[in-house]
Structures are given as C-alpha cells and as structure tokens.
Number of protein chains: 2
Amino acid sequence: MKPLATSDVTSKGQPFGVRSLAMALRTEIEKMILQGGMPMGERLNENYFAEKFQVSRGPVREAFRALVEAGLVEFIPNRGVFVRQVSLEQALAAYEVRAALFSMAGRLAATRRRKEEIARFRGLVHDMDEAIERNDSEGYYKLNLDLHSAVMEAARNERLASTYQGLIKELHLFRAKNLRLTDHADHARISNREHAAMVEAIAAGDEMRAYQAHFDHVMNARDRLTEPFREI
Amino acid sequence: MKPLATSDVTSKGQPFGVRSLAMALRTEIEKMILQGGMPMGERLNENYFAEKFQVSRGPVREAFRALVEAGLVEFIPNRGVFVRQVSLEQALAAYEVRAALFSMAGRLAATRRRKEEIARFRGLVHDMDEAIERNDSEGYYKLNLDLHSAVMEAARNERLASTYQGLIKELHLFRAKNLRLTDHADHARISNREHAAMVEAIAAGDEMRAYQAHFDHVMNARDRLTEPFREI
DNA sequence: CGGCCCTTAATTGTTGACAGTCGACCGCAT
DNA sequence: ATGCGGTCGACTGTCAACAATTAAGGGCCG
C-alpha cells in the first residue's frame with residue numbers, strides 16, 4: 001500500500017479536520033473494515049498499520065480511539081483493538097434504533113419535501129421495480145441506498161443523517177459477517193411495495209402515515225434479514 | 001488537581017476499557033466540559049491537561065480524539081480542539097433526533113414494561129408534582145432525569161439508551177451556554193402533565209399513544225427551551 | 001499613520017525509544 | 001495423556017524530544 005502522507009490527506013475533499021494523519025488514518029482504516037478487508041474479530045495491529053501507511057504508532061492509536069468511539073472496533077486494555085463482533089441481539093437492537101431514526105426522517109420529509117424530490121422518489125421506486133424484473137440485485141441495492149439517502153436529505157436534519165449513517169456502518173459489520181442469500185426477489189418485491197407506501201405518504205404530506213410506513217419498512221427489513229437466524 | 005494514575009482508573013466501577021490513561025482522561029475531561037468547567041469555545045490546551053493530570057501529551061491527544069468523535073469538542077488541524085459551540089439551529093435539529101429516540105423508547109416500553117416499573121413511573125410523576133408545589137426546582141430536575149432514565153431502561157435496548165445519552169450530552173453544551181430562567185413553575189406543571197400522559201400510555205400498553213406522548217413531550221420541551229430565542 | 005512582512009514564541013504534529021502486560025509455548029510432575 | 005507453572009516473545013502503554021505550523025507582535029516602508 002502506498003505511503004500515506006499529509007499531502008495525500010489535503011487532497012481529499014472533506015470540509016475540515018482531515019489534515020492530520022490521525023484523521024486520514026481513521027477514514028482509511030474505517031473504509032478497510034467496512035469493505036470487509038479485515039476479518040471479523042481480528043485484532044488490529046498498531047505496528048502493522050504504522051508500517052503499512054509509513055507513519056509511527058501515535059497517529060494510528062489516535063485513529064483507533066476514534067473508531068472505538070464510533071463503535072466499529074472494540075478496545076481491550078493491553079490487548080489492542082478488534083473489529084467489533086455484532087451479535088444477533090445487538091443487530092436487532094440496532095434495527096430498532098434505525099427504525100426510530102428513519103421513521104423520524106420520513107415524518108420530517110413529509111413536512112419538508114419539495115416537488116422535485118417527490119418526483120425523484122417515485123423515479124427511484126420505478127427504477128427499482130425495473131431492476132427487480134431484470135433480476136439486477138446489484139442495481140437494486142444501489143437504488144435502495146439512493147432512496148434512503150434521498151429521504152434522509154429531504155428531512156433536512158444533518159444531525160439525524162449523521163447519526164443514521166453511523167448506525168448503518170455498524171449494521172454493515174453484522175451483514176458483512178452474516179451475509180447469506182437474503183436477497184430473494186420476493187423480498188425485494190415486498191420491500192419495494194413498502195417503498196411506494198413511504199413515498200406516497202411523504203408526497204401526501206401525511207406525517208403519521210409517513211412515520212408508520214418508514215417504521216414498518218425498517219422493522220420488516222429487520223425481520224427479513226434476521227429470519228434465517230430464528231430457530232423455530 | 002490530583003495526578004491521575006492508572007491505579008486511579010482501575011478503581012472506577014466500569015466494566016471494561018477504563019484501564020488506559022487515555023480512557024480515563026476521556027471520562028475526566030468530558031466531565032469537566034459538561035459541568036461547565038471549560039468556557040464555551042475555549043481551546044483545550046494539550047500541555048495544560050498533560051500537566052494537570054501528570055501524564056504526557058500522548059494519552060491526552062487520544063482522549064481528545066474520542067471526544068471529537070463524541071461530538072463534544074471540535075477539532076481544527078494545527079490549532080487544537082475547542083469546546084463545541086452548539087448553535088440554536090443545531091440544538092433544534094438535535095431535539096428532533098431526541099424526539100425520534102425517546103418516542104421509540106416510549107413505544108418499546110409500552111410493550112416491554114414490567115409491573116414494578118409502572119409503579120415507579122407513577123411514583124416519580126407524583127414526586128415531581130410535590131416538588132413543584134414545594135418550588136423545589138432542584139429536586140424536580142433530578143426526578144425528571146430519573147423518569148427519563150427509567151423509561152429508557154424499560155425499553156430494554158442498550159443501543160438506544162447509549163445513543164440517547166450521547167445526544168443528551170451534546171444538548172447539555174447548548175443548555176450550559178444559554179441557560180436562562182427557563183424553569184418557570186408553569187413549564188414544570190405542563191411538563192409533568194405530559195409525563196403523566198406518557199406513563200399512562202405505557203401502562204396501558206398502547207404503543208402508538210406512548211409514541212405520540214413521548215414525541216410530543218420532547219418537541220414541547222424543545223419549544224419551551226428555545227422559546228426565548230424566537231424573535232417574533 | 002496605516003498596512004505589509006518578517007521574526008518569534010507558543011502549540012500542535014510526529015517520531016522513536018523504553019517500560020509494562022498479556023498470551024503462547026514448552027517442560028515437568030502427576 | 002493432562003494439567004500446571006515458568007519463561008519468552010510480541011505487542012500495547014507511555015513518555016520525552018524533535019519537527020512543523022500557526023498566530024501574534026514589532027519594525028519597516030509607503
């Protein structure tokens with residue numbers, strides 16, 4: 001891997017706070033973890049990262065602290081940091097938090113959305129339908145993310161969005177490990193019907209209906225994801 | 001101030017992750033900030049804290065990184081970290097997130113609460129009524145926190161609770177700076193009526209009513225707090 | 001007299017070295 | 001064979017020194 005210098009950092013397009021090696025490392029290591037580059041439960045060796053990025057251990061440790069706070073790694077004194085293992089129980093709890101945040105986004109979007117946004121929502125839902133017909137689960141996945149981001153944006157609450165994003169990252173840890181063939185076309189079809197309900201509630205400006213639609217969508221998604229684990 | 005050694009840290013009753021100086025410092029500095037020990041917008045000098053706690057700058061910097069991630073301080077490269085200034089807009093946004101989380105807690109509590117907890121809720125509301133009559137705003141404040149914690153506990157979702165707590169800390173930054181005589185007895189009376197509605201909805205096991213009651217309570221609290229700032 | 005530049009002190013950024021701790025491995029006794 | 005204890009190695013925890021950057025103050029020039 002290329003040596004990471006401060007000059008590399010400045011070239012990044014982030015608003016602020018990315019000039020220091022520690023901040024750059026935090027971003028870089030996070031990316032590595034989320035893209036599955038690190039096996040789950042793996043210990044993150046300070047020296048390894050220090051050599052990999054051609055820096056000393058100080059900045060690496062600072063980056064680790066930030067990741068601990070973000071909940072992506074676990075810290076055990078005198079042992080080091082480990083890629084966090086997300087249990088099924090924790091994933092279920094996280095989904096409830098996600099439902100809280102996303103349903104709020106839907107509710108706010110219902111009062112704050114603009115005309116163009118509604119058109120975009122409907123377009124995305126339509127494109128997802130097409131992706132399903134094409135059996136294009138890759139494309140569906142991306143469109144799905146786009147729709148969720150679009151709703152979040154329409155809520156016009158930065159704090160809500162960043163909290164949501166942080167949570168999503170944690171959930172990625174769970175999905176990365178327990179990825180199974182959960183993308184049945186059936187699931188996608190049902191999911192997209194829920195999307196349509198969400199969008200129409202927002203379009204109608206109906207706060208409570210939007211709340212319910214978004215809430216149900218997340219909780220149903222939870223059931224769909226964790227279904228394979230239920231031992232009945 | 002007393003020198004902070006690892007031995008001091010171990011004496012703390014935390015489950016894990018508090019053995020290192022950095023973690024201890026993070027807790028200590030956070031406490032200092034939240035208790036208003038640091039003027040808002042103040043730069044946190046690394047050497048100052050290093051000498052104050054008789055440690056080197058390394059652990060101090062690690063503690064700072066964690067606080068940055070927690071959103072309590074702002075980081076400007078080559079300048080240092082500053083106690084975060086929370087604007088009115090940010091506070092309003094944070095209240096919306098809080099409403100999302102707390103209303104979810106109420107909703108979950110409505111399905112998961114136990115008999116003893118309901119009794120405790122009602123007791124707290126009653127005690128708050130008495131505190132109002134006594135004009136004991138100090139006592140009311142504490143009981144208020146207790147009720148909110150109790151509801152969170154009844155929701156039985158650790159992730160929800162920790163996210164909520166992190167947000168509350170941020171809101172403290174706003175209240176610390178803009179503390180005005182907002183604790184009118186009128187406000188307390190109205191607030192406690194809302195508490196009663198929350199508790200009874202939980203007691204009835206009515207999810208949607210609990211959701212609404214908790215949601216409204218937070219949003220009304222927001223209006224009561226930020227009322228003085230509105231220039232009509 | 002005001003504005004620009006240079007110097008300088010203070011503070012952050014980074015490093016390498018040293019100390020402390022934990023787990024693994026190996027040998028021994030049972 | 002198995003369980004226990006000690007030794008060793010690898011890694012984390014901490015520190016103090018050095019480099020780089022910033023902001024402030026004073027002097028010079030227009």
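Residue numbers start from 1 in every chain, and the chains themselves are labelled A, B, ... in the order their sequence lines are given, proteins ahead of strands.
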Between [options], which nucleotide gets closest to the side-chain atoms of [X]?
X: A:Leu21; options: C:dT14, C:dT12, D:dT12; answer: C:dT14
X: A:Val55; options: C:dT15, D:dT22, C:dG13; answer: C:dT15
X: A:Pro59; options: C:dT15, D:dG13, D:dC15; answer: C:dT15
X: B:Asn78; options: C:dC22, D:dT22, D:dG13; answer: D:dT22
X: B:Glu46; options: D:dA16, D:dT12, C:dG13; answer: C:dG13

Distance check needed: [N] [atom2] versus [X] [atom1], whole Å only.
X: B:Arg43; N: C:dG13; atom1: CZ; atom2: C1'; value: 14 Å
X: B:Gln54; N: D:dG13; atom1: CD; atom2: P; value: 21 Å
X: B:Phe75; N: C:dT12; atom1: CZ; atom2: P; value: 10 Å
X: A:Leu25; N: C:dT14; atom1: CG; atom2: C1'; value: 12 Å
X: B:Asn45; N: C:dA9; atom1: CG; atom2: P; value: 18 Å
X: A:Arg61; N: D:dC11; atom1: CZ; atom2: C1'; value: 11 Å
X: A:Glu62; N: C:dT12; atom1: CD; atom2: P; value: 12 Å
X: B:Asn47; N: D:dA16; atom1: CG; atom2: P; value: 12 Å

Establish, from distance only, whether the side-chain atoms of A:Arg159 and A:Thr163 form a donor-acceptor pair under 3.5 Å.
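Yes, a side-chain donor-acceptor pair sits under 3.5 Å.
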Are B:Arg79 and D:dT21 close enough that a side-chain N or O sits under 4.0 Å from OP1 or OP2?
no
Report yes if a donor N or O on one partner sits less than 3.5 Å from an acceptor N or O on the other, where the partners are the side chain of B:Arg57 and the base of C:dG13; otherwise report no.
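Yes, a donor-acceptor pair under 3.5 Å.
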Got [X] and [Y] here, is their nearest side-chain heavy-atom distance under 4.5 Å?
X: A:Val60; Y: A:Phe64; value: yes
X: B:Met23; Y: B:Glu62; value: no
X: B:Leu160; Y: B:Leu108; value: yes

Mind checking if B:Gly58 touches a base, just sugar-phosphate, or nothing, with heavy atoms under 4.0 Å?
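Since no nucleic acid heavy atom lies under 4.0 Å of B:Gly58, the category is nothing.
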Would you indicate whether B:Glu158, at its atom CD, is surrounded by more than 12 heavy atoms from other residues, nucleotides or ligands within a distance under 6.0 Å?
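Counting neighbours around CD of B:Glu158, 12 or fewer heavy atoms of other residues, nucleotides or ligands fall under 6.0 Å, so no.
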